[in-house]
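Data first, discussion second: the structure below is written as structure tokens.
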Amino acid sequence: MKLTGLEVQRIADLARIELTGREKEKYAEELSAVLGFIEQLSKVNTDNVVPTSQVTGLVNVVREDKTEDCNEDTRKQIFKAAPLAEGEYFKVKAVL
């Protein structure tokens with residue numbers, strides 16, 4: 001698949017990158033080569049290949065989440081030490 005200079009310019013505009021004429025030609029060739037490789041890969045028969053998310057065999061080691069009740073005095077001390085609390089909830093700054 002051969003990209004045109006106009007297509008490269010559109011990609012550059014989306015990425016907010018300014019390109020010179022020479023850079024447009026260079027990237028048109030390079031991106032076309034990448035797309036050509038992807039086109040080759042799409043022709044490979046993968047019908048009997050199991051989807052793989054990773055190949056190292058490593059697994060994440062995590063502990064099971066466990067909750068424990070605490071007595072009322074401990075709870076009051078925790079909320080007293082908190083910078084901001086409202087009722088039985090901690091108040092935090094908004095995360096956007």
Side-chain angles (χ1 to χ4, degrees):
M1 173 179 206
K2 179 76 171 144
L3 289 177
T4 65
L6 188 60
E7 290 168 322
V8 172
Q9 183 60 54
R10 176 71 177 134
I11 294 167
D13 290 344
L14 290 171
R16 300 183 192 277
I17 299 171
E18 290 186 31
L19 298 176
T20 64
R22 177 178 272 175
E23 288 172 327
K24 286 179 196 175
E25 291 174 20
K26 175 185 173 188
Y27 292 131
E29 289 178 26
E30 290 180 1
L31 290 172
S32 296
V34 170
L35 292 174
F37 183 67
I38 292 170
E39 193 174 313
Q40 279 183 318
L41 288 176
S42 68
K43 294 177 184 177
V44 174
N45 182 0
T46 59
D47 290 341
N48 296 320
V49 177
V50 179
T52 306
S53 60
Q54 60 94 9
V55 296
T56 64
L58 297 175
V59 293
N60 228 0
V61 179
V62 294
R63 65 173 170 76
E64 184 179 331
D65 287 336
K66 294 181 183 179
T67 60
E68 295 179 9
D69 290 329
C70 63
N71 63 38
E72 191 63 32
D73 290 334
T74 304
R75 183 175 289 143
K76 285 180 182 177
Q77 287 177 343
I78 291 170
F79 280 102
K80 188 184 273 188
L84 290 172
E86 186 174 296
E88 291 199 4
Y89 298 99
F90 295 108
K91 290 182 80 172
V92 297
K93 291 182 179 180
V95 178
L96 303 175

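Side chains included, hydrogens not; waters and symmetry mates left out as well; all remaining heavy atoms used.
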With sequence neighbours excluded, tell me which residues meet side chain to side chain contact (heavy atoms under 4.5 Å, CB included) with Phe90. Ile78, Phe79, Ala82
Quick test of your reading: applying ring-ring contact (aromatic ring centres under 6.0 Å, His included), list the pairs with at least one residue in residues 21-77, sequence neighbours left out, ordered by first then second residue. none
Examine distances only and state if a side-chain atom of Thr52 and a backbone atom of Val50 form a donor-acceptor pair shorter than 3.5 Å. yes
What is the distance from atom CG of Leu35 to atom CD of Glu7, rounded to the nearest 0.5 Å? 9.0 Å
Above 12 or not: heavy atoms from other molecules or residues under 6.0 Å from CG of Leu14? yes
Val8 and Lys24 have their tightest heavy-atom pair at CG1-O, 4.0 Å
Would one find more than 12 heavy atoms of other residues, nucleotides or ligands at under 6.0 Å from atom NZ of Lys2? yes
For Gln77 and Asp73, test the side chains for any donor-to-acceptor distance below 3.5 angstrom and give the result as yes or no. no
Atom pair OG1/CG of Thr4 and Leu6 - distance to nearest 0.5 Å: 5.0 Å
Looking at every heavy atom in both Lys91 and Glu86, which two are closest together, and how far apart are they? NZ-OE1, 3.4 Å
Does any part of the side chain of Gln9, heavy atoms only, come nearer than 4.5 Å to the side chain of Asp13, both counted from C-beta? yes
When you compare the side chain of Arg75 with that of Glu72, does any pair of heavy atoms fall below 4.5 Å? yes
Whether over 12 other heavy atoms sit under 6.0 Å from Gln54 CD: yes
